[in-house]
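Let me begin by presenting the structure, written as structure tokens, before commenting on it.
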Amino acid sequence: MSTLFQSIKEDHEEMYEYHDQYKRARERGDVDAQARWARQLTWEIARHAVGEEIVVYPLMEKHLGDKGRELADHDRREHQSVKERLYKLESLQPGSEEYDQLITVVMDSLHHHNDDEEIKDLPLLEPAIGEQASKEAAQSFKKTKKLVPTRAHPSIPNKPPFETLLGLLEAPIDKLKDWFAAFPTEGEMKEAKEELKHRDHDAAAGR
């Protein structure tokens, strides 16, 4: 059973892989593939962000005192900025320069945010809650991601219980939209999953 750190890092690696796939599609001028990978990327980011806000950040606030509240509030502000940009992305045309620039801005900010979580937040939280609680939190995080919205909703509160309630109302609408959206093919996802086995981003490398 994965720990919370392992589950969060696994998500981060998926984001980086999907972004790399998007960039390759961009380099070869395949607009349809760019749109598919951008949808996969934003789908993952949206679910991950809300999962953290519902499961992880309340644990930081509960177990790390004032420092936990400070870190959680900082992370929520960064999430809000990402959500606003992803919401704007929905109105742009895949393949356009503006679309590509906005994805680049989102991923640049997420790299910094994700690294902070791996270097600062989770190394503080996991010892405070213990290994068993970390594994239970990881399971809760994974389950929560299955229920939350799959698109960015910057107007929804970013703390439970209101985020939980409003998110559950938005999720079915998002999933209906996903039904008609183009995602990577089964073959493309298989290739990406194979590459993921060999990814291991070192968050501390650039610090």
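None of these values were measured; they are calculated from a predicted model.
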Which value, rounded to the nearest 0.5 Å, describes the distance between E191 atom CD and E17 atom CD?
8.0 Å
Would you find a donor on one side and an acceptor on the other, under 3.5 Å apart, between the side chain of T144 and the backbone of S140?
yes
Could you measure the distance from the NZ atom of K177 to the CZ atom of R151? Nearest 0.5 Å is fine.
6.0 Å
Is the number of heavy atoms from other residues, nucleotides or ligands within 6.0 Å of CD (E131) greater than 12?
no
Using the rule given for side chain to side chain contact (heavy atoms under 4.5 Å, CB included), can you reason through L59 versus L64, listing the C-alpha separation, both sets of side-chain angles and the distance that settles it, and then say yes or no?
CA-CA 8 Å; L59 286 174; L64 299 178; over 6 Å; no
Would E136 and K143 pass as an ion pair if we require N to O under 4.0 Å?
no
If we ignore angles and hydrogens, is there a donor and acceptor under 3.5 Å between the side chains of E70 and H74?
no
Between S81 and R85, do the side chains contain an N or O donor and an N or O acceptor separated by less than 3.5 Å?
yes
Value for CG (L125) from OG1 (T3), rounded to nearest 0.5 Å, stands at 10.5 Å
Any side-chain heavy-atom pair of S7 and K142 under 4.5 Å:
yes
Using a 4.5 Å cut-off on heavy atoms from C-beta on, say whether the side chain of S134 contacts that of F5.
no
No-hydrogen, no-angle side-chain donor-acceptor test under 3.5 Å, Y16 and N114
yes
Minimum heavy-atom separation for A46 to A152, with atom names?
CB-N, 4.1 Å
At what distance, to the nearest 0.5 angstrom, does CG of D121 lie from CG of D75?
4.5 Å
Establish, from distance only, whether the side-chain atoms of E52 and Y57 form a donor-acceptor pair under 3.5 Å.
yes
Distance-minimising heavy-atom pair for P149 and D174
CB-OD2, 3.1 Å
Quick check on the hydrophobic clustering: are M15 and Y87 connected, directly or via other members, by side-chain heavy-atom contacts under 4.5 Å?
no
Taking atom types as modelled and ignoring hydrogens, do the side chains of Q80 and E84 form a donor-acceptor contact shorter than 3.5 angstrom?
yes
Given side chains that start at C-beta, do those of I45 and M107 come closer than 4.5 Å, heavy atoms only?
yes
For R76, is there an ion pair with E61 - N to carboxylate O distance below 4.0 angstrom?
yes
Ignoring hydrogens, what is the shortest heavy-atom contact between A138 and S2? Give both atom names and the distance.
CB-O, 3.4 Å
Using side-chain heavy atoms (C-beta onward) and a distance below 4.5 Å, is E118 in contact with I8?
no
Can a donor-acceptor pair be found, under 3.5 Å and without considering hydrogens, that links the side chain of E188 to the backbone of T185?
yes
Yes or no on side chain to side chain contact (heavy atoms under 4.5 Å, CB included) for E14 and Q40, after CA distance, side-chain angles and deciding distance?
CA-CA 10 Å; E14 287 188 10; Q40 183 70 30; 6.0 Å; no
State which residue, out of Q6, E13, H12, fulfils the side-chain hydrogen bond (donor to acceptor under 3.5 Å, both in side chains) condition with K9.
E13
Can you see which heavy atom on L122 is nearest to which on P127, and at what distance?
O-CD, 4.2 Å
With distance as the sole criterion, is a donor-acceptor pair present between the side chains of D100 and Y22 under 3.5 Å?
yes
Side-chain heavy atoms nearer than 4.5 Å, only ILVMFWY residues, links allowed to pass through others: does that put L89 and I156 together?
no
With side chain to side chain contact (heavy atoms under 4.5 Å, CB included) as the test, would you mind laying out the steps for Q34 and I103 before giving the verdict?
CA-CA 11 Å; Q34 288 174 57; I103 285 185; over 6 Å; no
So, is the end of the R47 side chain (NZ or CZ) under 6.0 Å from the ring centre of W43 and within 45° of the ring's axis?
yes
What is the minimum heavy-atom distance between L147 and K175, and which atoms define it?
CA-NZ, 4.1 Å
Which distance, rounded to the nearest 0.5 Å, do you find between the OG1 of T104 and the OH of Y99?
11.5 Å
Taking every heavy atom of M60 against every heavy atom of A72, the minimum-distance pair comes out as CE-N, 3.8 Å
Is E186 atom CD crowded by more than 12 heavy atoms from other residues, nucleotides or ligands, each under 6.0 Å away?
no
Please determine whether salt bridge (Lys or Arg N to Asp or Glu O under 4.0 Å) holds for the pair D11 and K145, giving the CA-CA distance in whole Å, both sets of side-chain angles, and the decisive distance to 0.1 Å.
CA-CA 11 Å; D11 272 16; K145 283 176 56 186; 2.7 Å; yes
Is any side-chain N of the basic residue among R39 and E44 closer than 4.0 Å to the acidic one's carboxylate O?
no
Any salt bridge linking R199 with E194? Criterion: basic side-chain nitrogen under 4.0 Å from a carboxylate oxygen.
no
Say you draw a straight line from NE2 of H19 to CZ of R26; how long is it, rounded to the nearest 0.5 Å?
10.5 Å
Classify the ring geometry of H48 against F141: parallel below 30°, tilted from 30° to 60°, perpendicular beyond 60°.
perpendicular
Does a side-chain heavy-atom distance below 4.5 Å link D32 with R36?
yes
Checking E126 side chain against L4 main chain: does a donor-acceptor pair fall under 3.5 Å?
yes
Let's go through E98 and L102 carefully: what are the C-alpha distance in whole Å and the side-chain angles of both, what is the deciding distance for side chain to side chain contact (heavy atoms under 4.5 Å, CB included) to 0.1 Å, and is it a yes or a no?
CA-CA 6 Å; E98 187 178 6; L102 191 52; 5.7 Å; no
Side chains of K193 and K197 in contact at under 4.5 Å (non-hydrogen atoms)
no
